[in-house]
> 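What follows is a single structure, and I will ask about it in a moment.
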Amino acid sequence: MTERPLPREFFDRPSHEVAPDLLGKVLVHGPVAVRLTEVEAYGPPGTDPASHTYRGRTKRNAVMFGPPGHVYVYFTYGMHYCVNLVCLPEGLGSAVLIRAGEVVEGVEAARARRGPVVRDRDLARGPARLTVALGLGREHNGLDACDGGALRILEGDPPADPPGVVGERPPVILAGPRTGISTAVETPWRFWFAGNPTVSPYRRHVPRRRSSTSGV
DNA sequence: CTCTGGATGATCT
DNA sequence: GATCATCCAGAGA
């Protein structure tokens, strides 16, 4: 694996421009490396109702308002963590949610965390599964992915064949609505590699009430 | 493959 | 009190 970290400037632009460029890049934590195949962009305050920063800065989303190239890790549904890469300069809270990828190094370590019966393509297929495969949690919130530490985002390997030579073509990137959100459902800020088996299935948001409202 | 409902707690109104 | 950038198991096609 080529150890070439993305420069911080890569993230110093709108998240919906960063997002498609992140596909094929490699997120590394310790022994596990994941080649990104699916991402979603979330915009700055007041511009994107689906973004955690839409209503301004809070304790939870503070990292999104920090410098670009850092990771925002949040806890949701009482049991899952998801990881984002922060975009734009300090003060403009926005980020790219990392939704899925292919484990290209450390399959053994990833399987140890995800379980022995999980198929290879499912190890990091989905945002919460991906954080488990990488071993990320609350304690990693705010870390810098561009400083060459244990958690880092890399350029990834260049195509094996030079231009013009018959071989693998660059992957086709598709865009569509984001997954599982209840607002701005038509904004096409989800990006993925067409036909890649590690991309998670699209799921529409389903409003759900908790069962048992009165204690009978 | 699709659809449904349960799990579980931090966060925000 | 309601919602939530999810996952899993189980049922059905």
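So that the names make sense, note that chain A is the first sequence line, chain B the second, and so on, each numbered from 1.
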> Can you tell me the distance, in whole Å, between the CD1 atom of A:Ile98 and the P atom of C:dT6?
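Between P of C:dT6 and CD1 of A:Ile98: 14 Å.
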
> Here's a test for you: under side chain to side chain contact (heavy atoms under 4.5 Å, CB included), which of A:Asn196, A:Leu27, A:Asp157 qualifies with A:Arg35?
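Filter result, single survivor: A:Asn196.
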
> Counting only side-chain N and O atoms of A:Thr76, is one of them less than 4.0 Å from OP1 or OP2 of B:dG9?
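It does not, given that no N or O in the side chain of A:Thr76 lies less than 4.0 Å from OP1 or OP2 of B:dG9.
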
> Where the side chain of A:Arg60 is defined as all heavy atoms beyond and including C-beta, which of C:dC8, C:dC4, B:dT11 is the nearest nucleotide?
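When the side chain of A:Arg60 is considered, B:dT11 is the closest of C:dC8, C:dC4, B:dT11.
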
> Using whole Å, report how far CZ of A:Arg125 lies from P of C:dT6.
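From A:Arg125 CZ to C:dT6 P: 14 Å.
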
> Whole-Å distance between C:dA5 C1' and A:Asn61 CG?
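The distance from CG of A:Asn61 to C1' of C:dA5 comes to 13 Å, rounded to the nearest Å.
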
> Would you say A:Arg129's side chain and A:Arg125's backbone share a donor-acceptor pair under 3.5 angstrom?
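Yes, the answer is positive, given that a donor and an acceptor are paired below the 3.5 Å cut-off.
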
> Should A:His205 be listed as having a side-chain N or O under 4.0 Å from OP1 or OP2 of C:dC4?
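Affirmative; the distance criterion is met.
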
> Just call it for A:Arg204: base, sugar-phosphate, or nothing, with non-hydrogen atoms closer than 4.0 Å on any strand.
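No contact.
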
> Could you work out which one of B:dC1, C:dT6, B:dG6 sits closest to the side chain of A:Ala128?
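Minimum distance to the A:Ala128 side chain belongs to C:dT6.
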
> What is the distance, to the nearest angstrom, from the OH atom on A:Tyr54 to the P atom on C:dC4?
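Distance, rounded to whole Å: 14 Å.
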
> Select from A:Pro127 and A:Thr183 the residue whose nearest nucleotide in DNA chain C is closer to the 5' end of that strand.
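On the 5' side of the pair lies A:Thr183.
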
> According to the Watson-Crick and G-U wobble definitions, with both distances under 3.5 Å, which nucleotide is paired to C:dA11?
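Here C:dA11 is engaged in a pair, and the nucleotide opposite it is B:dT2.
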
> Are more than 12 heavy atoms from other residues, nucleotides or ligands located less than 6.0 Å from atom CZ of A:Arg121?
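Atom CZ in A:Arg121 is packed in, count exceeds 12.
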
> Determine whether a donor-acceptor pair (one donor, one acceptor, N or O, separation below 3.5 Å) exists between the side chain of A:His52 and the base of C:dA5.
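Such a pair is found, so the answer is yes.
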
> Whole Å only: how far is the CZ atom of A:Arg113 from the C1' atom of C:dC7?
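Answer to the nearest Å: 18 Å.
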
> Return no unless some side-chain N or O of A:Arg203 is found under 4.0 Å from OP1 or OP2 of B:dC3.
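No, because none of the side-chain N or O atoms of A:Arg203 sits under 4.0 Å from OP1 or OP2 of B:dC3.
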
> Would you say A:Arg178 places a side-chain N or O within less than 4.0 Å of OP1 or OP2 belonging to C:dT6?
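False: A:Arg178 side-chain N/O out of range (4.0 Å or more) of C:dT6 OP1/OP2.
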
> From the options C:dC4, B:dG6, C:dA5, select the nucleotide whose nearest atom is closest to the side chain of A:Ser182.
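Of all the options, the side chain of A:Ser182 is nearest to C:dC4.
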
> Which of these nucleotides, C:dA5, B:dG9, C:dC7, is closest to any side-chain atom of A:Phe75?
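Within the option list, the nearest is B:dG9.
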
> Are C:dC4 and A:Tyr77 stacked, with the base six-membered ring and the side-chain ring centres under 5.5 Å apart and planes under 30°?
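Stacked: centres under 5.5 Å apart, planes under 30°.
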
> To the closest 0.5 Å, what do you measure between NE2 (A:His205) and OG1 (A:Thr179)?
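Between atom NE2 of A:His205 and atom OG1 of A:Thr179 there are 12.5 Å.
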
> Take A:Arg138 and A:His80, find for each the nucleotide of DNA chain B with the closest heavy atom, and name the residue whose nucleotide sits nearer the 5' end.
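It is A:His80, whose closest nucleotide lies nearer the 5' terminus.
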
> Taking only the side-chain nitrogens and oxygens of A:Arg55, find out if one of them lies under 4.0 Å from OP1 or OP2 of B:dT11.
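For A:Arg55, the contact criterion (side-chain N or O under 4.0 Å from OP1 or OP2 of B:dT11) is not met.
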
> If pairing requires Watson-Crick or G-U wobble contacts with both distances under 3.5 Å, which nucleotide is the partner of C:dA5?
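Paired with C:dA5, as far as the under-3.5 Å criterion goes, is no nucleotide at all.
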
> Rounded to whole angstroms, how far apart are CZ on A:Arg121 and C1' on B:dC1?
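Value for this atom pair: 11 Å.
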
> Where the side chain of A:Met79 is defined as all heavy atoms beyond and including C-beta, which of C:dA5, C:dT6, B:dT8 is the nearest nucleotide?
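So the side chain of A:Met79 is nearest to B:dT8.
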
> Do other residues, nucleotides or ligands put more than 12 heavy atoms under 6.0 Å from A:Glu139 CD?
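More than 12 heavy atoms, drawn from other residues, nucleotides or ligands, come within 6.0 Å of this atom.
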
> Do A:Tyr74 side-chain and C:dA5 base share a donor-acceptor contact under 3.5 Å?
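A donor-acceptor contact between them is present.
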
> Apply salt bridge (Lys or Arg N to Asp or Glu O under 4.0 Å) to residues A:Arg8 and A:Asp144 and explain how you reach the verdict.
CA-CA 10 Å; A:Arg8 191 171 314 286; A:Asp144 187 353; 2.7 Å; yes

> Specify the separation, in whole Å, of atom CZ of A:Arg57 and atom P of B:dC12.
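That distance rounds to 13 Å.
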
> Which is true for A:Ile181 with a 4.0 Å heavy-atom rule: it touches a base, it touches only sugar-phosphate, or it touches nothing?
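Sugar-phosphate contact only.
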
> Do the side chains of A:Arg178 and A:Asp48 get close enough for a salt bridge, i.e. N-O under 4.0 angstrom?
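Looking at A:Asp48 together with A:Arg178, the answer is yes, because their closest N to O distance falls below 4.0 Å.
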
> Expressed in angstrom and rounded to an integer, what is the separation of A:Arg208 atom CZ from C:dC7 atom P?
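For the pair A:Arg208 CZ and C:dC7 P, the rounded distance is 14 Å.
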
